[in-house]
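Just so you know, ligand 1 is whichever comes first in the structure, and atom 1 is the first atom listed for that ligand.
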Amino acid sequence: MEEQKEMKLKVDKKIWKEMFHYFKVFKKDFMILVSFMVALAATDITFPLLTRYAIDNFVADGDYAGLTRVAFLYVGLAIALALIVLLFIRRAGKLEVEIQYKLRKDAFRKLQRLSFSYYDKNAVGWMIARTTSDAQKIAETVAWGVVDLVWGGTMMLGVSVVMLVINWKLALVTLLTIPILAFISVFFEKKMLVSYRNVRKINSRITGLFNDGIVGAKTTKTLVREELNIEEFSEETHNMKKTSIRAATLSAGYLPMTLFISAVGTVLTLFFGSNMLMGGALTYGTLVLFITYARQFFDPVLELARIYTEMISAQAAAERVMGLLNEKEEIVDDMVEEKEDYGTIKGDVTFENVNFYYKEGEYILKDFNLSVKAGETIALVGETGSGKSTIVNLACRFYEPTGGRILIDGEDYKKKPQKWLHSNIGYVLQAPHLFSGTIKENIRYGKLDATDEEIVEAAKVVRAHDFIMKLEHGYDTEVGEGGGMLSTGEKQLVSFARAIIGKPRLFFLDEATSSIDTESEAKIQKAIEEVLQGRTSFIVAHRLSTIRSADRILVIDKGEILEQGTHEELLKRRGHYYELYTNQFMEEVGMDVLKKKKNVS
Ligand SMILES: Nc1ncnc2c1ncn2[C@@H]1O[C@H](COP(=O)(O)OP(=O)(O)OP(=O)(O)O)[C@@H](O)[C@H]1O
């Protein structure tokens with residue numbers, strides 16, 4: 001779909017109208033820029049008129065005084081021209097920056113507000129491209145496009161009118177080559193656009209191959225794909241070379257062709273103009289004027305052809321950015337009852353006939369009911385894809401039920417702002433994300449006004465303090481982008497500390513201890529149990545040994561609760577949980593035996 005849109009070769013008026021409507025806050029800047037460009041074109045048109053005036057009135061008669069007056073006028077006009085150029089470049093540059101700033105700010109704000117579901121559907125790279133390269137392309141095209149469009153348009157119109165008024169016959173001769181020049185310019189520009197687009201497409205494929213080749217180097221070796229990768233890569237680079245040369249050849253041919261046509265135009269003007277001059281139908285000054293105008297026509301035609309294709313090329317970016325800016329936030333606080341204070345959360349969570357799907361019609365939960373009392377620890381177990389994380393994310397209101405209701409403390413959570421719920425949640429994911437910055441800063445994200453003592457206290461509770469103190473800079477250690485300088489287990493410990501520091505009323509652990517070794521896990525488990533006293537918590541776990549002490553264990557299958565009860569009750573029942581547990585237990589014992597065997601040998 002996107003590819004098809006990219007290949008559109010016509011200016012899409014609807015998009016540009018929408019775009020300019022969005023930029024109407026810059027109306028004043030646009031108006032000023034437009035007046036500068038009209039003034040610039042008027043100055044450009046006036047110079048040859050002045051020359052004509054000088055030739056016809058003073059040069060022929062040898063009138064030095066008159067010539068001096070014209071010279072002063074010339075200098076005055078040149079100063080005005082320089083001033084306009086200075087002002088318009090400054091104004092267009094400023095407008096470009098402002099447009100880019102607005103687009104980036106609005107796009108980022110939108111991205112921060114969009115719900116989980118948006119992030120499910122769109123890749124990170126895609127979103128980054130919208131706020132960076134697309135925003136830049138739009139800003140550049142709009143700001144400088146206005147410059148070229150207004151200047152080029154005014155020039156062509158002004159020059160044509162002046163010529164037609166002075167001598168319409170010669171004007172028609174001079175303008176004869178313009179449609180040909182315009183046609184060839186647009187033709188070449190379009191061809192070059194397609195060519196360079198192809199180059200860019202291949203280039204992005206090459207970047208992808210580079211990325212796979214480097215990031216996946218280890219996997220490549222395990223799969224013995226080195227030769228295949230090299231082959232694939234050289235094929236693409238060869239392709240790139242061929243396409244780039246084609247594009248370069250096209251652009252090399254373009255300028256000489258237009259130069260030639262323009263020269264033909266000048267020659268025609270000179271020839272017919274001279275004839276008229278000899279017949280006494282034209283003055284010398286007018287002939288010079290027409291020849292100058294014939295040459296001056298060349299630039300605006302080329303500029304307009306260029307801006308035409310620039311707009312085509314930028315409209316895919318405009319469409320994508322507008323699409324993002326117009327994206328509807330799926331979770332909005334439109335049922336919220338206005339209140340000064342929404343109170344504290346006690347912690348009762350109820351799913352009442354909840355239905356849910358990610359893709360319309362493909363139900364993950366159907367008529368799901370669950371009632372959790374404040375302070376209860378609920379563990380969710382079940383096969384991969386059974387819907388455990390979905391239940392947790394619904395309880396957190398990262399997604400909303402497509403049918404039924406979720407109640408917090410007996411009231412539909414949609415009646416209170418998302419912020420109210422989210423600021424009362426502690427959530428630890430299997431692959432937690434840390435932000436660039438220090439460990440201390442990362443823990444503080446959980447409670448912005450936390451003191452250093454509270455941070456250390458939180459780290460101690462989750463048994464992260466010891467490893468942090470072993471680092472060279474302790475709590476001031478930089479974690480790197482995404483926490484890349486720490487191991488997954490360490491990242492999890494830091495994210496635990498971040499989650500508990502605010503003492504949330506609701507706590508969610510989604511496979512959160514999976515990257516921590518069994519021994520540390522047992523310690524953390526104990527600590528968490530202490531912290532969670534009196535708080536409602538949902539724990540999703542594959543390792544069943546970690547949830548033995550939960551108040552209630554739910555076995556989930558295809559979005560339904562198959563069994564529920566305490567660990568002991570479920571074991572006694574000898575049902576699904578018993579089976580899961582014994583299987584896992586056997587696996588762990590088997591692993592232990594293997595380990596011991598290895599150690600002995
Ligand atoms: N963002 C999503 N978009 C579309 N489908 C999804 C999305 N997230 C999960 N699913 C689908 O919903 C179903 C339930 O997924 P969910 O993540 O809740 O299962 P889970 O029990 O937590 O699995 P796991 O134990 O592997 O984490 C799966 O079939 C999954 O493919």
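Annotation: atom 2 (C) of ligand 1 to nearest protein heavy atom, Y358 CD2, 3.4 Å.
Every heavy atom of Y119 sits 4.0 Å or more from the atoms of ligand 1. The shortest heavy-atom distance from E383 to ligand 1 is under 4.0 Å.
Under 3.5 Å, the side chains of Y196 and N203 contain no donor-acceptor pair of N or O atoms.
Residue G387 places at least one N or O, backbone or side chain, under 3.5 Å from an N or O of ligand 1.
Both the sub-6.0 Å distance and the 45° axial angle are not jointly satisfied by K419 relative to the ring of Y342. Judged by a 6.0 Å distance limit and a 45° cone about the ring axis, R397 is positioned over the six-membered ring of Y413.
Listed for the Q315 side chain is a donor-acceptor partner under 3.5 Å among the backbone atoms of D12. Side chain of R104 to main chain of T132: a donor-acceptor pair is present (N/O by atom type, distance under 3.5 Å, no hydrogens or angles).
Using a 4.0 Å cut-off to heavy atoms of S389, the atoms of ligand 1 that qualify are 17 (O), 18 (O), 20 (P), 22 (O), 27 (O). Residue Y399 has at least one heavy-atom neighbour below 4.0 Å for each of these atoms of ligand 1: 1 (N). Near T390, meaning under 4.0 Å from one of its heavy atoms, ligand 1 places the atoms 14 (C), 15 (O), 16 (P), 18 (O).
Comparing heavy-atom distances from atom 13 (C) of ligand 1 across V540, V392, I364, D120 singles out I364 as nearest.
When Y357, Y358, Y399 are each tested for a side chain to side chain donor-acceptor pair (under 3.5 Å) with T390, only one passes: Y358.
Contact annotation: for F356 versus ligand 1, there are no heavy atoms closer than 4.0 Å.
For Y427 and H422, the distance between ring centers is not under 6.0 angstrom.
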